[in-house]
Engineer: 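So that we are looking at the same thing, I have put the structure below in structure tokens.
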Amino acid sequence: MRPCHAMNTPSAPEGDRLPIDALLEWYDTNARDLPWRAPDASPWAVLVSEFMLQQTPVNRVLPVYESWLRRWPAPAALAAEPAGEAIREWGRLGYPRRALRLHACAGTLVELHGGEVPDDVDALLALPGVGTYTARAIAAFAYRQRVPVIDTNVRRVLTRVFDGVADSSANVTNLDLDRAKSLLPLQPERAARTSISLMELGALNCVARTPRCSDCPLATQCRWLLAGFPDNAGPVRRPQAFAGTDRQVRGLLMAVLRESPAPVPAGDLDVVWPKAAQRARALDGLVADGLVDPLPDGRFALPGVVTR
DNA sequence: TATCCGTGGAG
DNA sequence: TCTCCAAGGAT
């Protein structure tokens, strides 16, 4: 629990105490010039960027984002092609299920929304691959709405500023949403800029390992800074193992399929991993996930790329 | 709610 | 070398 402030009135949300003007000025000076932030970026472009940025750093997203939108400038263009083409274009961004979901999302946009990206949070939430973060991000960044946007960056900033704690818990809480909303200016465009500014501050300055507080517009209000940067008391997170896991094997199998223009024989997949049982389990999982298509002749392909 | 799901750069 | 971690979502 955070420190109790029983004397605070509910009508005085803590967000009101943050220097939003300073935050917005910091953003104007320091924000990265990213293509999905350009004034002419379409809602579809924003949506594509948000899918790609899920758990993937900006620098690796940039080239794929450009080629993707060049090839599929609108949802209908993507929906007209097989899912396997989306997986191939996704390249090495990781988590190829996102490519599958983005392809399915394009199909839903065509079928239910006239090929357009809806501007309503609830309608966005109903789309494949769109969760609480992405729906709000599209509403705020593409449609400039006054909607709280909570990602890992914003959560870290709010936790440090308001709780005086180095890191936040794993899940977005109602407290996070209330806090984020309470500090948003009433004017929608200004609110949208505040949301993106908080994210950028978390991404550039208020980073997980070595924060740059000397340049922070919120430094004078930050309880974590004022408390002397105490470490988290709680249990440490489980390290995420990767080497030797099914995850790694799936990645190796997908790489073979992506890089082959034609369906591949089973033998081409066998060589990527020595343990046959684990390899089979990984391949079965990929098939079950719809990422791999087993052909009648025993070969394997990206989904939908072979006309039967 | 905890777990699963890729990849590669940084320190 | 090895650990951490980067704009989450689905189940």
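Labels below follow one simple rule: chain letters A, B, ... track the order of the sequence lines, proteins then strands, and each chain is numbered from 1. Quantities reported herein were computed from a predicted structural model and do not represent experimental measurements.
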Engineer: Please report the distance separating the P of C:dG9 from the corresponding atom of B:dG8, rounded so that it comes out in whole Å.
Structural biologist: 23 Å
Engineer: Can you tell me the distance, in whole Å, between the CZ atom of A:Arg281 and the P atom of B:dC4?
Structural biologist: 11 Å
Engineer: Could you tell me whether A:Arg136 contacts a base, only the sugar-phosphate backbone, or nothing, with contacts defined as non-hydrogen atoms closer than 4.0 Å?
Structural biologist: nothing
Engineer: My understanding is that only residues two or more places apart in sequence, or in another chain, count here; which of them pass ring-ring contact (aromatic ring centres under 6.0 Å, His included) with A:Trp273?
Structural biologist: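 If we apply the ring-ring contact (aromatic ring centres under 6.0 Å, His included) test to A:Trp273, skipping adjacent residues, there are no hits.
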Engineer: Could you give the CH2-to-C1' distance, from A:Trp90 to B:dT7, as a whole number of Å?
Structural biologist: 12 Å
Engineer: With a non-hydrogen cut-off below 4.0 angstrom, is A:Gly131 in contact with a base, only sugar-phosphate, or nothing?
Structural biologist: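 If one applies the 4.0 Å heavy-atom cut-off, A:Gly131 turns out to touch the sugar-phosphate alone, with no base involved.
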Engineer: Mind checking if A:Leu198 touches a base, just sugar-phosphate, or nothing, with heavy atoms under 4.0 Å?
Structural biologist: nothing
Engineer: Return the set of residues passing ring-ring contact (aromatic ring centres under 6.0 Å, His included) with A:Trp36 (not counting sequence neighbours), or none when no residue passes.
Structural biologist: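 For A:Trp36 the ring-ring contact (aromatic ring centres under 6.0 Å, His included) partners, ignoring immediate neighbours, are A:Tyr65.
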Engineer: Under a 3.5 Å cutoff, is there a donor and acceptor pairing between the side chains of A:Asn30 and A:Glu200?
Structural biologist: no
Engineer: Can you check the A:Leu100 CG to C:dG9 P distance for me, whole Å?
Structural biologist: 16 Å
Engineer: Can you tell me the distance, in whole Å, between the CG atom of A:Leu102 and the P atom of C:dA10?
Structural biologist: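 It works out to 13 Å between those atoms.
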Engineer: In the hydrophobic clustering (ILVMFWY, side-chain contacts below 4.5 Å, transitive), which residues join A:Val207, or is it alone?
Structural biologist: none
Engineer: Take A:Leu127 and A:Glu200, find for each the nucleotide of DNA chain C with the closest heavy atom, and name the residue whose nucleotide sits nearer the 5' end.
Structural biologist: A:Glu200
Engineer: Is the number of heavy atoms from other residues, nucleotides or ligands under 6.0 Å of A:Asn174 CG greater than 12?
Structural biologist: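 Result for CG/A:Asn174: open.
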Engineer: Provide, to the nearest angstrom, the distance between the CG atom belonging to A:Leu34 and the P atom belonging to C:dA6.
Structural biologist: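 To the nearest whole Å, that distance equals 16 Å.
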Engineer: Rounding to a whole Å, what distance do you find between A:Leu252:CG and B:dG6:P?
Structural biologist: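 Answer to the nearest Å: 11 Å.
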Engineer: One pair to check against side chain to side chain donor-acceptor pair (under 3.5 Å): A:Gln54 and A:Tyr133. What are the steps and the verdict?
Structural biologist: CA-CA 9 Å; A:Gln54 292 167 4; A:Tyr133 161 74; over 6 Å; no
Engineer: Indicate every side-chain donor-acceptor pair of residues 109-123 of chain A with a distance under 3.5 Å to a residue at least two apart or in another chain.
Structural biologist:
unit_1   : atom_1 : unit_2   : atom_2 : d
A:Asp120 : OD2    : A:Asp122 : N      : 3.2
A:Asp120 : OD2    : A:Ala123 : N      : 3.0

Engineer: Whole-Å distance between B:dT7 P and A:Arg98 CZ?
Structural biologist: 10 Å
Engineer: Using a 4.0 Å heavy-atom cut-off, does A:Trp36 contact any base of the nucleic acid, only the sugar-phosphate backbone, or nothing at all?
Structural biologist: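 Base, at least one base heavy atom under 4.0 Å.
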Engineer: Measure CZ/A:Arg37 against P/C:dA7 and give the value in whole Å, please.
Structural biologist: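 Between P of C:dA7 and CZ of A:Arg37: 12 Å.
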Engineer: Hey, which of these two, A:Thr152 or A:Arg101, hits DNA chain C nearer its 5' end, going by closest nucleotide?
Structural biologist: A:Thr152
Engineer: Looking for any heavy atom pair under 4.0 Å, which part of the strands does A:Arg97 touch: base, sugar-phosphate only, or nothing?
Structural biologist: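 Base: the residue A:Arg97, judged by heavy atoms under 4.0 Å, touches a nucleobase.
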Engineer: From the options B:dT7, C:dA7, C:dG9, select the nucleotide whose nearest atom is closest to the side chain of A:Thr134.
Structural biologist: C:dG9
Engineer: What about the rings of A:Trp90 and A:Trp68, do their centers lie closer together than 6.0 Å?
Structural biologist: yes
Engineer: With the threshold set at under 4.0 Å for non-hydrogen atoms, list the residues of residues 43-74 of chain A touching DNA chain B in residue-number order.
Structural biologist: A:Gln55, A:Thr56, A:Arg60
Engineer: Classify the side-chain pair A:Arg98/A:Thr56 by whether it contains a donor and acceptor separated by less than 3.5 Å.
Structural biologist: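 Note: A:Arg98 and A:Thr56 side chains meet the donor-acceptor criterion.
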Engineer: Short of 4.0 Å, heavy atom to strand atom, which residues of residues 202-211 of chain A count as contacting DNA chain C?
Structural biologist: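 Within this stretch, A:Ala203, A:Ala208, A:Arg209 sit under 4.0 Å of the strand.
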Engineer: Could you check which of B:dT7, C:dA6, C:dG8 has an atom nearest any side-chain atom of A:Arg156?
Structural biologist: C:dA6
Engineer: Pick the P atom in B:dG11 and in C:dA7, then give their distance to the nearest Å.
Structural biologist: 15 Å
Engineer: Where do A:Leu302 and A:Leu291 come nearest, in terms of heavy atoms and distance?
Structural biologist: CD2-O, 4.1 Å
